[in-house]
S.K.: 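Okay, handing you the structure first.
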Amino acid sequence: MKLYLSTLLSSSVAVTVTSFQMTSPSSSMRTRSSSIRMSDEVVDPNPSEPQVTPKSSPHLQDPMGLYSANSEERQNGQIEPNETGSSDPNTIYDPLNLYATESDERTSGQIKPIEPELVVKTAVVDPLGLYESKAAVDTDAVMSQALPFATRPVMLTGELPGDAGFDPLGFAQSQADLMNYREAEIKHARLAMLAAAGWPLSELFDKKIALALHLTPLLDATDRAPSILNGGLGKVNPFYWMACLGAAAAVEFYGINKSKSGDESYFPGNLGFDPLGVYPKDEEGQRRMQLAEIKNGRLAMISIFGFAIQEFVLNQGVVNETPFFFVPLSETLKAVTNGGYIH
């Protein structure tokens with residue numbers, strides 16, 4: 001131990017980046033040497049001269065091509081390639097447009113843009129004309145029929161009747177979502193068509209039927225039908241609401257079971273209900289009938305919304321407000337004449 005300590009005290013210490021070496025003063029007698037591995041390479045424990053790790057040259061970026069091709073920095077590989085991927089040393093960047101259009105550098109293609117060239121891989125909505133006329137726009141993209149300035153949503157392929165490519169909020173993210181939304185749409189469309197017919201009919205015949213059956217009419221003093229905005233829903237018999245709820249639940253239960261039955265002929269809204277046999281047998285006729293149903297249903301949904309808002313704002317029934325839509329023309333002219341509009 002004493003010999004070992006004396007050897008350590010008499011040794012000279014050489015410090016390098018990668019090793020610490022301890023040697024005896026005599027070159028002929030090596031008592032102990034140690035090397036500490038700091039990297040993948042092991043340094044000679046007894047070098048003749050102190051080793052110095054060469055410092056790596058700093059990398060330079062030259063996006064404007066200020067260093068010439070024969071410069072020492074470029075020949076030593078210190079110049080990093082720019083982000084555009086151009087490795088040609090003769091490339092010149094001219095963000096200030098100092099080179100004229102007819103200059104040799106520009107005509108030979110040496111002038112390169114600092115930013116990568118814009119390549120449009122998909123159709124882009126550009127109502128402000130921000131893209132140049134030469135921009136490579138995908139001509140295969142299908143534009144929406146409902147919104148001609150926008151591309152058709154991916155899931156709306158036009159397969160379903162009435163599909164005009166209208167989904168500006170992007171609700172349908174998958175085929176399952178699309179089918180669920182079509183199921184909901186066709187159900188609301190059918191209810192709206194019944195309501196669009198029942199609303200004015202109730203205003204036309206409610207009082208007559210109630211007087212015939214010695215019942216209290218449901219219409220208010222201004223001949224408005226009961227609704228959430230108009231009020232009057234409390235006059236309706238609770239058993240009526242129970243019957244409506246039970247019928248709706250039965251239809252919904254039947255529709256869910258049919259949609260999950262695995263029937264290949266099933267499509268949203270296909271409950272197999274056709275008591276009059278008016279549904280065509282050929283594929284073209286079936287699609288035409290489905291298209292007519294969804295279009296009339298959408299119109300009916302808008303109509304019901306209009307009925308409710310119109311009666312709430314004008315405080316008058318839709319039949320009295322626009323009688324020429326709901327009563328014979330002769331009665332309309334008679335009512336207008338007696339009201340003093342025609343002399």
Side-chain angles (χ1 to χ4, degrees), residues 162 171 176-177 179-263 265-279 289-290 292-322 325-327:
F171 287 124
D177 290 342
M179 293 297 104
N180 290 334
Y181 282 120
R182 173 47 67 96
E183 284 278 4
E185 182 184 29
I186 194 65
K187 290 175 183 177
H188 285 82
R190 290 169 177 173
L191 286 175
M193 285 188 285
L194 292 174
W199 191 304
L201 288 175
S202 67
E203 295 184 354
L204 285 172
F205 300 104
D206 175 73
K207 289 184 176 181
K208 297 177 182 180
I209 296 175
L211 292 175
L213 299 177
H214 304 285
L215 300 174
T216 302
L218 296 179
L219 299 182
D220 61 8
T222 57
D223 294 335
R224 297 185 306 172
S227 68
I228 295 178
L229 296 179
N230 295 339
L233 294 177
K235 300 179 182 179
V236 182
N237 194 313
F239 290 101
Y240 172 80
W241 296 120
M242 294 174 61
C244 290
L245 183 61
V251 173
E252 184 70 12
F253 181 75
Y254 176 77
I256 292 176
N257 288 338
K258 190 171 181 62
S259 64
K260 296 182 178 180
S261 63
D263 186 3
S265 62
Y266 178 81
F267 54 86
N270 182 18
L271 302 181
F273 182 77
D274 185 24
L276 301 180
V278 296
Y279 193 63
M289 184 70 72
Q290 295 172 25
E293 182 184 32
I294 195 63
K295 283 187 173 182
N296 284 276
R298 290 169 177 171
L299 181 60
M301 287 188 281
I302 297 175
S303 300
I304 286 297
F305 179 77
F307 287 172
I309 298 300
Q310 178 178 334
E311 291 196 352
F312 176 72
V313 174
L314 301 178
N315 198 27
Q316 189 176 8
V318 293
V319 172
N320 295 336
E321 182 67 26
T322 54
F325 283 133
F326 306 104
V327 298

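Along the sequence shown, residues are numbered consecutively beginning with 1. Note that the structure is predicted; figures quoted are calculated from it, not measured.
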S.K.: Within a radius of less than 6.0 Å around CG of Leu213, do more than 12 heavy atoms belonging to other residues, nucleotides or ligands occur?
M.R.: yes
S.K.: How long is the straight-line distance from CD of Glu252 back to CG of Leu245, given to the nearest 0.5 Å?
M.R.: 11.5 Å
S.K.: side-chain contact (heavy atoms from CB on, under 4.5 Å) for Ile304 and Leu191? Distances and angles first, verdict last.
M.R.: CA-CA 10 Å; Ile304 286 297; Leu191 286 175; over 6 Å; no
S.K.: Minimum heavy-atom separation for Leu218 to Pro226, with atom names?
M.R.: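 Nearest pair, atom of Leu218 first, then Pro226: O-CG, 3.6 Å.
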S.K.: Going through the checks in order, is the side chain to side chain donor-acceptor pair (under 3.5 Å) test met by Ser261 and Asp263?
M.R.: CA-CA 6 Å; Ser261 63; Asp263 186 3; 5.2 Å; no
S.K.: Hey, what do you get for CD (Gln316) to CG (Asp220), rounding to the nearest 0.5 Å?
M.R.: 11.0 Å
S.K.: What pair of heavy atoms forms the shortest contact from Leu204 to Val327, and how long is it?
M.R.: CD2-CG1, 3.8 Å
S.K.: Without swapping roles, check the side chain of Thr322 against the backbone of Val319 for a donor-acceptor pair under 3.5 Å.
M.R.: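 No, Thr322 side chain to Val319 backbone: no donor-acceptor pair under 3.5 Å.
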S.K.: Could you tell me whether a side-chain N or O of Arg190 sits under 3.5 Å from a main-chain N or O of Gly269, the two making a donor and an acceptor?
M.R.: yes
S.K.: Do you know which two heavy atoms are closest between Arg298 and Gly162, and how far apart they sit?
M.R.: NH1-O, 2.9 Å
S.K.: Considering only heavy atoms from C-beta outward, does the side chain of Tyr181 approach that of Pro268 to under 4.5 Å?
M.R.: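 The answer is no, as the side chains (C-beta and beyond) never meet within the 4.5 Å cut-off.
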S.K.: Looking at OH of Tyr254 and OG of Ser259, how far apart are the two atoms once the value is rounded to the nearest 0.5 Å?
M.R.: 11.0 Å
S.K.: If we ignore angles and hydrogens, is there a donor and acceptor under 3.5 Å between the side chains of Asn320 and Arg224?
M.R.: no
S.K.: Any idea which heavy atoms bring Asn230 and Glu311 closest together, and the distance?
M.R.: ND2-OE1, 2.7 Å
S.K.: So which heavy atom on Lys235 is nearest to which on Leu219, and how close?
M.R.: NZ-O, 4.1 Å
S.K.: Would a distance-only check, ignoring hydrogens and angles, find a side-chain to backbone donor-acceptor pair under 3.5 Å from Asp274 to Val278?
M.R.: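 The answer is yes, because a donor-acceptor pair under 3.5 Å joins these two groups.
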S.K.: Take Phe267 and Glu183 through the side-chain contact (heavy atoms from CB on, under 4.5 Å) test and state the conclusion after the steps.
M.R.: CA-CA 9 Å; Phe267 54 86; Glu183 284 278 4; over 6 Å; no
S.K.: Assess the residue pair Phe305 and Met301 against the criterion (side-chain contact (heavy atoms from CB on, under 4.5 Å)); give the C-alpha distance rounded to whole Å, side-chain angles, the decisive distance to 0.1 Å, and a yes or no.
M.R.: CA-CA 6 Å; Phe305 179 77; Met301 287 188 281; over 6 Å; no
S.K.: Would you give the length of the straight line joining atom NZ of Lys207 to atom OG1 of Thr216, rounded to the nearest 0.5 angstrom?
M.R.: 12.5 Å
S.K.: Between Arg182 (side chain) and Asp177 (backbone), is there a donor-acceptor pair under 3.5 Å?
M.R.: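 The answer is no, because no donor-acceptor pair under 3.5 Å joins these two groups.
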S.K.: Quick check: closest heavy atoms across Glu203 and Ala225, and the distance to 0.1 Å?
M.R.: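 Result for this residue pair: OE2-N, 3.3 Å.
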S.K.: For the backbone of Ala292 and the side chain of Asn296, can you confirm whether one donor and one acceptor N or O come within less than 3.5 Å of each other?
M.R.: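 Yes: the side chain of Asn296 pairs with the backbone of Ala292.
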S.K.: Students often mix this up, so state it plainly: with edges at 30° and 60°, are the rings of Phe307 and Phe326 parallel, tilted or perpendicular?
M.R.: perpendicular
S.K.: Measure the spacing between CG of Leu271 and NZ of Lys258 and express it to the nearest 0.5 Å.
M.R.: 7.5 Å
S.K.: About how many Å separate CH2 of Trp199 and OG of Ser227, when rounded to the nearest 0.5 Å?
M.R.: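 Going from OG on Ser227 over to CH2 on Trp199, the span is 4.0 Å.
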